**Q** 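Mind having a look at this structure? Questions to follow.
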Amino acid sequence: MTTASAPGKIILFGEHAVVYGRPAIAVPVALIRVTVEVTDLPQGHAGVRIRSQMVAVDADLDELDLQHPLAFAVSQIFAAIEVDDAAVRIDIDSTIPMASGLGSGAAVTVALARALGEHFQRPISPERQSRIAFQVDRLHHGTPSGIDNTVIALEQPIYFVKGEDPLAFRVAVEVPLVIADSGHPSPTSESVGLVRERWLEDRPAYEDMFDAIAHVVDAARQHLEQGDIGALGPAMNANHRLLQRLGVSTPELDTLIASARAAGADGAKLSGGGLGGNIIALAADGDTAGLANVLRRAGAVNTIETRLRP
Ligand code: PMV
């Protein structure tokens, strides 16, 4: 049996503008993961059995529609490692909430690529894992920027510009964060579609907002690399104000953010596509548990405490 896993992710800065060629920063969240187990079938059995409670699948690969995300991912991976007569069972488990901007889709593909590559002794490089996950995301989300697959496959903080080589970088200080789920689904294709409509209506205004976001992202990267945690919270707040102007925040997200700030968080913003999904808040004093409590009392249905470490 072979086991492998891949982490979740959050976007720290730059969502949406990244679709329009501006930079964004995303980081892996190691505590939440997709785990994949690959087991050889007993003698005399052939084919590939896929089981995943998370998406209620227990089927032979052949039975699934080729457009099914798991079938598509597994077929792409088998093609990449040039395996065409496997006799295995694949079990997929996840602690990453689905459809909430935490990268569960890309993490499934990356964990599958790692587990199958290892099982068949044809390890797949992180860059290739990332490319396969991008193809799968593209099938289902239309025009992803590529940031999810990149940060999850490389498992490092990433400064990302679409079409350029991703830049992995180190943070110089511990950054204690709370991720809080509004409980409303976050349909990335909807929020990306909304921004596109508005951009088409008023390109100059939207290009200006994207430039302003890019400015915040570049400053934030410096703060992270120089360990200037005091400047990070205000940068998060500035990024959130711009996301509000883009039109992707909601009263629920704004309430969570206001509660975090009222409780002493140094900064807070929505993370990911918006219109629902998660916010992130910075607890520079390190008390993520206290901040998580406040956020749950303010209506968050789930919180995750995470720390970026130097
Ligand atoms: O909701 P998430 O975390 O999948 O993030 C979407 C991020 C966007 O910038 C809005 C879209 C993208 O493809 O980068």
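In each ligand, atom 1 is the first atom listed, and ligand 1 is the first ligand listed. Remember, predicted model here, so these are calculated numbers, not experimental data.
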**Q** Atoms of ligand 1 less than 4.0 Å from Val18 heavy atoms?
**A**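 Near Val18, the atoms of ligand 1 are 9 (O), 14 (O).
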
**Q** Starting from atom 13 (O) of ligand 1, find the nearest protein heavy-atom neighbour and note its residue, name and distance.
**A**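 The closest heavy atom on the protein side is Ser145 N, 2.8 Å.
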
**Q** Take atom CZ of Arg122 as the centre, draw a 6.0 Å sphere, and report whether it contains more than 12 heavy atoms from other residues, nucleotides or ligands.
**A**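 Correct, the count exceeds 12.
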
**Q** Would you mind listing which atoms of ligand 1 come within a distance below 4.0 Å of any non-hydrogen atom of Gly101?
**A**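 That gives atoms 1 (O), 2 (P), 3 (O) of ligand 1.
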
**Q** Can you tell me if Asp93 and Thr35 form a side-chain donor-acceptor pair at under 3.5 Å?
**A**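 On atom types as modelled, these side chains do not qualify, holding no pair under 3.5 Å.
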
**Q** By number and element, which atoms of ligand 1 are closer than 4.0 Å to a non-hydrogen atom of His16?
**A**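 Those of ligand 1 that fall under 4.0 Å from His16 are 8 (C), 9 (O), 10 (C).
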
**Q** Under the ring-ring contact (aromatic ring centres under 6.0 Å, His included) rule, collect the residues that match up with Tyr20, sequence neighbours excluded.
**A**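 Expected list: Trp199, Phe210.
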
**Q** Below 4.0 Å, non-hydrogen atoms only: which portion of Ile11 touches ligand 1? Side chain, backbone, both or neither.
**A**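 Just the side chain.
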
**Q** Can you name the atoms of ligand 1, numbered from 1 with element, that are less than 4.0 Å from a heavy atom of Pro144?
**A**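 So the answer, numbered in order with elements, is 13 (O).
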
**Q** Quick check: does any side chain N or O of Lys9 sit under 3.5 Å from a backbone N or O of Ile152, one acting as donor and the other as acceptor?
**A**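 A pair under 3.5 Å: no.
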
**Q** Side chains of Glu305 and Thr288: is there a donor and an acceptor less than 3.5 Å apart?
**A**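 Yes.
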
**Q** With heavy-atom distances below 4.0 Å as the criterion, list the atoms of ligand 1 near Glu15.
**A**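 Answer for ligand 1: 9 (O).
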
**Q** Taking non-hydrogen atoms only, is Val19 closer than 4.0 angstrom to ligand 1 via side chain, backbone, both or neither?
**A**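 Side chain only.
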
**Q** Under 3.5 Å, is there a donor-acceptor pair between the Thr95 and Arg33 side chains?
**A**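 Side-chain D/A pair, Thr95 to Arg33: absent.
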
**Q** Identify the closest protein heavy atom to atom 3 (O) of ligand 1: which residue and atom is it, and at what distance?
**A**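 Its nearest protein heavy-atom neighbour is Lys9 NZ, 2.8 Å.
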
**Q** Under 4.0 Å from any heavy atom of Gly272, which atoms of ligand 1 are there?
**A**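 Once the distances to Gly272 are compared, the set is 1 (O), 2 (P), 3 (O), 5 (O).
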
**Q** Nearest 0.5 Å please: distance from the CZ atom of Phe78 over to the CG atom of Leu112.
**A**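 The CZ atom of Phe78 sits 9.0 Å away from the CG atom of Leu112.
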
**Q** Side chains of Ser271 and Asn278: is there a donor and an acceptor less than 3.5 Å apart?
**A**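 No pair is found: no donor N or O on one side chain lies under 3.5 Å from an acceptor on the other.
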
**Q** For ligand 1, which atoms have a heavy atom of Thr188 less than 4.0 angstrom away?
**A**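 By the 4.0 Å cutoff, the relevant atoms are 1 (O), 2 (P), 4 (O), 6 (C).
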
**Q** Which of the numbered atoms in ligand 1 are under 4.0 angstrom from any heavy atom belonging to Gly273?
**A**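 In order of numbering, the contacting atoms are 1 (O), 2 (P), 5 (O), 6 (C), 10 (C).
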
